[in-house]
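Down below is the structure, laid out as C-alpha coordinates.
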Amino acid sequence: MKYSLGALLYYWPKTEVEAFYAAAMHSEADIIYLGENVCTKRREMKVADWIELAKQVSAGGKQVVISTLALLQAPSELNELKRYVENGDFLIEANDIGTVNMAAERKLPFVAGHALNCYNAVTLNILYKQGMVRWCMPVELSRDWLANLMTQCQTLGIRGKFEVEVLAYGHLPLAYSARCFTARAENRAKDDCETCCINYPQGRKVMSQENQQLFVLNGIQTQSGACYNLGNDQLTMQGMVDIVRLSPQGLDTLKTLADFRANERGLYPLPLSQGAECNGYWQNIAGLQLVE
(Lines give C-alpha, C1' and ligand atoms only; values in the text may rest on other atoms or scores of the structure.)
Protein backbone atom coordinates (compact mmCIF):
# COMPACT_ATOMS: atom_id res chain seq x y z
CA MET A 1 0.00 0.00 0.00
CA LYS A 2 0.92 3.64 -0.39
CA TYR A 3 0.68 6.18 2.41
CA SER A 4 -0.46 9.78 2.19
CA LEU A 5 -0.59 12.87 4.37
CA GLY A 6 -3.94 14.57 3.95
CA ALA A 7 -4.27 18.34 3.69
CA LEU A 8 -3.65 20.28 6.90
CA LEU A 9 -7.11 20.95 8.33
CA TYR A 10 -6.08 23.36 11.09
CA TYR A 11 -4.87 26.95 10.89
CA TRP A 12 -1.18 27.24 11.68
CA PRO A 13 1.25 30.16 11.26
CA LYS A 14 3.07 30.08 7.94
CA THR A 15 6.42 29.29 9.56
CA GLU A 16 4.93 26.22 11.25
CA VAL A 17 3.30 25.06 8.01
CA GLU A 18 6.61 25.33 6.19
CA ALA A 19 8.47 23.55 8.99
CA PHE A 20 5.95 20.70 9.00
CA TYR A 21 6.21 20.09 5.28
CA ALA A 22 10.00 20.43 5.33
CA ALA A 23 9.94 17.48 7.72
CA ALA A 24 7.21 15.70 5.72
CA MET A 25 9.45 15.73 2.65
CA HIS A 26 11.68 13.26 4.50
CA SER A 27 8.81 11.19 5.93
CA GLU A 28 7.39 7.80 4.93
CA ALA A 29 4.62 9.49 2.93
CA ASP A 30 4.33 8.62 -0.75
CA ILE A 31 1.70 11.31 -1.39
CA ILE A 32 1.28 14.73 0.23
CA TYR A 33 -1.89 16.81 -0.05
CA LEU A 34 -1.45 20.58 0.18
CA GLY A 35 -3.92 23.44 0.30
CA GLU A 36 -6.73 25.01 2.31
CA ASN A 37 -10.01 23.08 2.35
CA VAL A 38 -11.74 24.57 5.41
CA CYS A 39 -11.82 28.40 5.22
CA THR A 40 -10.44 30.99 2.79
CA LYS A 41 -10.08 33.54 5.58
CA ARG A 42 -7.02 31.59 6.63
CA ARG A 43 -4.52 33.77 4.79
CA GLU A 44 -1.21 32.72 6.30
CA MET A 45 -0.72 30.62 3.15
CA LYS A 46 -2.03 32.15 -0.08
CA VAL A 47 -2.56 30.37 -3.40
CA ALA A 48 0.90 31.30 -4.65
CA ASP A 49 2.44 30.04 -1.39
CA TRP A 50 0.73 26.65 -1.70
CA ILE A 51 1.80 26.28 -5.33
CA GLU A 52 5.39 27.19 -4.51
CA LEU A 53 5.38 24.74 -1.59
CA ALA A 54 3.94 22.08 -3.90
CA LYS A 55 6.87 22.55 -6.28
CA GLN A 56 9.35 22.16 -3.43
CA VAL A 57 7.69 19.02 -2.06
CA SER A 58 7.39 17.52 -5.54
CA ALA A 59 11.07 18.19 -6.20
CA GLY A 60 11.77 16.16 -3.06
CA GLY A 61 10.28 13.07 -4.70
CA LYS A 62 6.73 13.05 -3.30
CA GLN A 63 3.54 13.01 -5.33
CA VAL A 64 1.71 16.27 -4.60
CA VAL A 65 -2.05 16.78 -4.75
CA ILE A 66 -3.62 20.24 -4.33
CA SER A 67 -6.63 19.95 -2.04
CA THR A 68 -9.52 22.41 -2.40
CA LEU A 69 -12.38 23.81 -0.32
CA ALA A 70 -15.12 21.51 0.93
CA LEU A 71 -17.68 24.32 1.13
CA LEU A 72 -17.72 27.13 -1.44
CA GLN A 73 -19.56 30.24 -0.24
CA ALA A 74 -18.44 33.28 -2.24
CA PRO A 75 -17.54 34.32 -5.82
CA SER A 76 -14.01 35.16 -4.65
CA GLU A 77 -13.57 31.53 -3.63
CA LEU A 78 -14.48 30.42 -7.15
CA ASN A 79 -11.74 32.64 -8.53
CA GLU A 80 -9.19 31.06 -6.19
CA LEU A 81 -10.50 27.60 -7.02
CA LYS A 82 -9.95 28.27 -10.71
CA ARG A 83 -6.31 29.12 -9.99
CA TYR A 84 -5.85 25.83 -8.14
CA VAL A 85 -7.55 23.76 -10.83
CA GLU A 86 -5.56 25.41 -13.60
CA ASN A 87 -2.21 25.21 -11.78
CA GLY A 88 -0.81 23.22 -14.71
CA ASP A 89 1.40 20.86 -12.72
CA PHE A 90 -0.42 19.06 -9.93
CA LEU A 91 -3.40 16.76 -9.48
CA ILE A 92 -6.42 18.33 -7.74
CA GLU A 93 -8.46 16.89 -4.88
CA ALA A 94 -12.12 17.88 -5.34
CA ASN A 95 -14.01 18.21 -2.06
CA ASP A 96 -17.04 19.93 -3.61
CA ILE A 97 -19.02 18.90 -6.68
CA GLY A 98 -18.37 22.34 -8.20
CA THR A 99 -14.68 21.48 -8.28
CA VAL A 100 -15.50 18.19 -10.01
CA ASN A 101 -17.41 20.11 -12.68
CA MET A 102 -14.61 22.62 -13.12
CA ALA A 103 -12.02 19.87 -13.58
CA ALA A 104 -14.29 17.86 -15.90
CA GLU A 105 -14.92 20.91 -18.12
CA ARG A 106 -11.16 21.22 -18.56
CA LYS A 107 -10.72 17.45 -18.99
CA LEU A 108 -8.39 17.34 -16.01
CA PRO A 109 -7.97 14.26 -13.78
CA PHE A 110 -8.90 14.66 -10.11
CA VAL A 111 -9.10 12.94 -6.75
CA ALA A 112 -12.61 12.64 -5.29
CA GLY A 113 -12.14 13.71 -1.67
CA HIS A 114 -13.90 12.22 1.36
CA ALA A 115 -16.10 15.34 1.67
CA LEU A 116 -18.03 14.30 -1.46
CA ASN A 117 -21.21 12.33 -0.73
CA CYS A 118 -20.32 9.23 -2.71
CA TYR A 119 -21.82 6.02 -1.37
CA ASN A 120 -22.50 3.72 -4.34
CA ALA A 121 -20.88 2.42 -7.50
CA VAL A 122 -23.23 4.30 -9.83
CA THR A 123 -21.95 7.59 -8.41
CA LEU A 124 -18.37 6.36 -8.63
CA ASN A 125 -18.95 5.45 -12.26
CA ILE A 126 -20.20 8.98 -13.01
CA LEU A 127 -17.16 10.49 -11.30
CA TYR A 128 -14.85 8.09 -13.12
CA LYS A 129 -16.29 9.15 -16.48
CA GLN A 130 -15.71 12.78 -15.47
CA GLY A 131 -12.03 12.16 -14.81
CA MET A 132 -11.69 10.69 -11.30
CA VAL A 133 -8.45 8.78 -10.86
CA ARG A 134 -8.66 8.28 -7.08
CA TRP A 135 -11.51 8.08 -4.58
CA CYS A 136 -11.14 8.74 -0.86
CA MET A 137 -13.97 6.98 0.95
CA PRO A 138 -16.32 9.11 3.12
CA VAL A 139 -15.10 8.85 6.70
CA GLU A 140 -18.30 7.36 8.16
CA LEU A 141 -18.33 4.26 5.97
CA SER A 142 -17.25 0.81 7.13
CA ARG A 143 -15.06 -1.94 5.76
CA ASP A 144 -18.22 -3.95 5.00
CA TRP A 145 -19.65 -1.04 3.01
CA LEU A 146 -16.40 -0.70 1.08
CA ALA A 147 -16.31 -4.44 0.30
CA ASN A 148 -19.88 -4.27 -1.02
CA LEU A 149 -19.05 -1.16 -3.03
CA MET A 150 -16.05 -2.86 -4.65
CA THR A 151 -18.31 -5.77 -5.64
CA GLN A 152 -20.69 -3.26 -7.25
CA CYS A 153 -17.74 -1.71 -9.10
CA GLN A 154 -16.72 -5.14 -10.35
CA THR A 155 -20.22 -5.62 -11.76
CA LEU A 156 -20.03 -2.26 -13.54
CA GLY A 157 -16.59 -3.05 -14.91
CA ILE A 158 -14.81 -0.18 -13.15
CA ARG A 159 -13.02 -2.11 -10.42
CA GLY A 160 -9.35 -1.23 -10.70
CA LYS A 161 -10.02 1.82 -12.88
CA PHE A 162 -9.24 4.20 -10.01
CA GLU A 163 -7.32 4.11 -6.73
CA VAL A 164 -9.12 3.68 -3.41
CA GLU A 165 -7.96 5.74 -0.44
CA VAL A 166 -9.10 5.57 3.19
CA LEU A 167 -8.64 8.23 5.85
CA ALA A 168 -7.16 6.09 8.63
CA TYR A 169 -5.82 8.54 11.21
CA GLY A 170 -6.83 11.89 12.67
CA HIS A 171 -9.88 13.67 14.03
CA LEU A 172 -12.56 12.92 11.45
CA PRO A 173 -14.31 15.76 9.60
CA LEU A 174 -17.96 14.95 10.31
CA ALA A 175 -19.82 18.04 9.12
CA TYR A 176 -19.42 21.46 7.50
CA SER A 177 -21.53 24.54 8.07
CA ALA A 178 -21.80 28.08 6.74
CA ARG A 179 -21.37 29.15 10.37
CA CYS A 180 -17.98 29.29 12.06
CA PHE A 181 -18.20 27.35 15.30
CA THR A 182 -14.82 28.51 16.59
CA ALA A 183 -15.83 32.18 16.21
CA ARG A 184 -19.21 31.50 17.83
CA ALA A 185 -17.50 29.85 20.81
CA GLU A 186 -15.67 33.16 21.35
CA ASN A 187 -18.86 35.21 20.85
CA ARG A 188 -17.53 36.61 17.60
CA ALA A 189 -19.42 37.17 14.37
CA LYS A 190 -18.13 35.11 11.47
CA ASP A 191 -17.36 38.25 9.46
CA ASP A 192 -15.36 39.62 12.39
CA CYS A 193 -13.69 36.40 13.53
CA GLU A 194 -10.11 37.76 13.41
CA THR A 195 -9.20 34.20 12.38
CA CYS A 196 -9.27 33.18 16.02
CA CYS A 197 -8.92 29.52 14.96
CA ILE A 198 -5.16 30.14 14.72
CA ASN A 199 -5.21 30.02 18.52
CA TYR A 200 -6.31 26.36 18.38
CA PRO A 201 -3.66 24.47 16.39
CA GLN A 202 -5.51 21.18 16.93
CA GLY A 203 -9.02 22.60 17.09
CA ARG A 204 -11.16 23.49 20.09
CA LYS A 205 -12.40 20.64 22.29
CA VAL A 206 -16.10 20.16 23.03
CA MET A 207 -16.74 18.22 26.25
CA SER A 208 -19.86 16.54 27.55
CA GLN A 209 -21.21 17.02 31.07
CA GLU A 210 -19.46 13.75 31.89
CA ASN A 211 -16.18 15.32 30.72
CA GLN A 212 -16.00 13.14 27.62
CA GLN A 213 -14.54 14.81 24.55
CA LEU A 214 -17.34 14.56 21.98
CA PHE A 215 -16.21 16.85 19.18
CA VAL A 216 -13.48 19.18 18.01
CA LEU A 217 -14.46 22.57 16.57
CA ASN A 218 -12.32 23.65 13.64
CA GLY A 219 -13.83 26.76 12.10
CA ILE A 220 -16.79 25.69 9.94
CA GLN A 221 -15.81 22.05 10.40
CA THR A 222 -16.99 19.74 13.19
CA GLN A 223 -14.62 16.86 13.87
CA SER A 224 -14.78 13.71 15.96
CA GLY A 225 -13.71 14.12 19.57
CA ALA A 226 -11.62 10.95 19.51
CA CYS A 227 -8.77 10.50 17.08
CA TYR A 228 -9.55 7.90 14.41
CA ASN A 229 -6.85 5.24 14.26
CA LEU A 230 -6.88 2.28 11.87
CA GLY A 231 -3.23 1.44 12.47
CA ASN A 232 -4.14 -2.08 13.56
CA ASP A 233 -6.80 -2.57 10.87
CA GLN A 234 -4.58 -2.50 7.81
CA LEU A 235 -4.72 -6.23 7.21
CA THR A 236 -8.48 -5.91 6.73
CA MET A 237 -7.81 -3.37 3.97
CA GLN A 238 -5.77 -5.77 1.85
CA GLY A 239 -7.12 -6.23 -1.66
CA MET A 240 -9.40 -3.18 -1.41
CA VAL A 241 -7.41 -0.15 -0.30
CA ASP A 242 -4.53 1.29 -2.33
CA ILE A 243 -3.69 4.31 -0.18
CA VAL A 244 -3.85 4.87 3.58
CA ARG A 245 -4.28 8.53 4.51
CA LEU A 246 -3.21 10.20 7.75
CA SER A 247 -4.51 13.65 8.66
CA PRO A 248 -1.79 15.94 10.09
CA GLN A 249 -2.21 16.63 13.80
CA GLY A 250 1.35 17.86 14.37
CA LEU A 251 4.92 16.66 13.85
CA ASP A 252 4.06 13.49 15.81
CA THR A 253 1.91 12.46 12.85
CA LEU A 254 5.08 11.76 10.86
CA LYS A 255 6.16 9.19 13.45
CA THR A 256 2.68 7.70 13.42
CA LEU A 257 2.98 7.41 9.65
CA ALA A 258 6.18 5.40 10.04
CA ASP A 259 4.43 3.19 12.62
CA PHE A 260 1.57 2.58 10.19
CA ARG A 261 3.92 1.49 7.45
CA ALA A 262 5.84 -0.78 9.83
CA ASN A 263 2.59 -2.41 10.93
CA GLU A 264 1.10 -2.86 7.44
CA ARG A 265 1.20 -6.64 7.88
CA GLY A 266 0.08 -6.54 11.51
CA LEU A 267 3.49 -7.51 12.88
CA TYR A 268 4.02 -4.46 15.08
CA PRO A 269 0.65 -3.54 16.63
CA LEU A 270 0.14 0.08 17.62
CA PRO A 271 -0.90 0.87 21.21
CA LEU A 272 -4.37 2.39 21.23
CA SER A 273 -6.06 4.45 23.95
CA GLN A 274 -9.69 3.92 24.96
CA GLY A 275 -11.55 7.24 25.02
CA ALA A 276 -8.84 9.14 23.16
CA GLU A 277 -8.94 7.02 19.98
CA CYS A 278 -11.62 5.24 17.98
CA ASN A 279 -12.14 2.97 14.96
CA GLY A 280 -15.87 2.28 15.20
CA TYR A 281 -16.89 3.41 11.74
CA TRP A 282 -14.52 0.96 10.05
CA GLN A 283 -15.87 -1.80 12.30
CA ASN A 284 -19.48 -0.94 11.39
CA ILE A 285 -20.35 0.05 14.96
CA ALA A 286 -20.79 3.38 16.75
CA GLY A 287 -18.08 5.67 15.45
CA LEU A 288 -16.69 6.72 18.83
CA GLN A 289 -16.02 3.14 19.92
CA LEU A 290 -12.61 1.47 19.84
CA VAL A 291 -12.07 -2.18 19.01
CA GLU A 292 -8.53 -3.15 20.02
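Values in this document were obtained by computation on a predicted structure and should not be read as measured data.
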Checklist entry - Do the side chains of Pro138 and Leu116 get nearer than 4.5 Å, heavy atoms only? => result no

Checklist entry - Between Leu53 and Val65, is there a shared hydrophobic cluster once you connect ILVMFWY residues whose side-chain heavy atoms come closer than 4.5 Å? => result no

Checklist entry - Is the shortest heavy-atom distance from the side chain of Leu174 to the side chain of Gln221 under 4.5 Å? => result no

Item to check | Val164 and Met150, any side-chain heavy atoms less than 4.5 Å apart | outcome: yes

Checklist entry - Do the side chains of Phe20 and Leu8 get nearer than 4.5 Å, heavy atoms only? => result no

Item to check | Selection residues 244-256 - residue pairs positive for side chain to side chain donor-acceptor pair (under 3.5 Å), sequence neighbours left out | outcome: Tyr10-Gln249, Tyr33-Arg245, Glu93-Arg245, Glu165-Arg245, Lys255-Asp259

Item to check | Residues in salt bridge (charged side-chain N to carboxylate O under 4.0 Å, His left out) contact with Arg188, at least two apart in sequence or another chain | outcome: Glu186, Glu194

Next on the checklist: If you define the side chain from C-beta out and look only at heavy atoms, does anything of Val111 sit under 4.5 Å from Ile92?
Outcome noted: no

Checklist entry - Restricting to pairs with a member in residues 155-164, which pass side chain to side chain donor-acceptor pair (under 3.5 Å), not counting sequence neighbours? => result Arg134-Glu163

Item to check | Residue pairs fulfilling side chain to side chain donor-acceptor pair (under 3.5 Å) with at least one residue in residues 103-115, sequence neighbours excluded | outcome: Glu86-Arg106

Checklist entry - Under a 4.5 Å side-chain heavy-atom rule over Ile, Leu, Val, Met, Phe, Trp and Tyr, are Leu217 and Leu214 clustered together? => result yes

Checklist entry - Is any side-chain heavy atom of Pro173 less than 4.5 Å from a side-chain heavy atom of Leu9? => result yes

Checklist outcome for this item: Taking every heavy atom of Cys193 against every heavy atom of Ala183, the minimum-distance pair comes out as CB-CB, 3.9 Å

Checklist entry - When Ile, Leu, Val, Met, Phe, Trp and Tyr are grouped by side-chain heavy atoms lying under 4.5 Å apart, directly or through other members, which residues fall in the same group as Tyr200? => result none

Next on the checklist: Among Gln63, Lys2, Arg261, Lys62, exactly one meets side chain to side chain donor-acceptor pair (under 3.5 Å) together with Asp30. Which residue is that?
Outcome noted: Arg261

Next on the checklist: Apply the hydrophobic cluster definition, ILVMFWY joined by side-chain contacts under 4.5 Å directly or through others, and give me every member besides Ile198.
Outcome noted: Tyr11

Item to check | side-chain hydrogen bond (donor to acceptor under 3.5 Å, both in side chains) against Asn117, all qualifying residues, sequence neighbours excluded | outcome: Tyr119

Item to check | Polar side-chain atom of Ser4 near backbone of Ile31 as donor-acceptor pair, under 3.5 Å | outcome: no

Checklist entry - Parallel, tilted or perpendicular: which fits the ring planes of Tyr128 and Phe162, with parallel below 30° and perpendicular above 60°? => result tilted

Checklist entry - So do the side chains of Leu146 and Val241 get within less than 4.5 Å of each other, counting heavy atoms only? => result yes

Checklist entry - Using links of under 4.5 Å between side-chain heavy atoms of ILVMFWY residues, direct or through other members, which residues join Tyr268 in one cluster? => result Leu267

Checklist entry - Please, which pairs that meet side chain to side chain donor-acceptor pair (under 3.5 Å) have at least one residue in residues 145-154, sequence neighbours excluded? => result none

Side chains of residues 280-292: which donor-acceptor pairs under 3.5 Å do they make with residues two or more places apart or in other chains?
residue	atom	partner	partner atom	Å
Trp282	NE1	Thr236	OG1	2.9
Gln283	NE2	Asp233	OD1	2.8
Glu292	OE2	Gln274	NE2	3.1

Checklist entry - What residues form a ring-ring contact (aromatic ring centres under 6.0 Å, His included) with Tyr21, not counting sequence neighbours? => result none

Checklist entry - Taking atom types as modelled and ignoring hydrogens, do the side chains of Asp96 and Thr99 form a donor-acceptor contact shorter than 3.5 angstrom? => result no

Item to check | With Glu44 via side-chain hydrogen bond (donor to acceptor under 3.5 Å, both in side chains) - residues at least two apart | outcome: none

Item to check | Polar side-chain atom of Gln213 near backbone of Lys205 as donor-acceptor pair, under 3.5 Å | outcome: no

Item to check | Heavy-atom side-chain contact between Trp50 and Val64 under 4.5 Å | outcome: no

Item to check | Polar side-chain atom of His171 near backbone of Gly225 as donor-acceptor pair, under 3.5 Å | outcome: yes

Next on the checklist: Quick one: does any side-chain atom of Asn199 pair with a main-chain N or O of Cys196 as donor and acceptor, under 3.5 Å?
Outcome noted: yes

Item to check | Crowding at NZ, Lys190 (>12 non-hydrogen neighbours, <6.0 Å) | outcome: yes

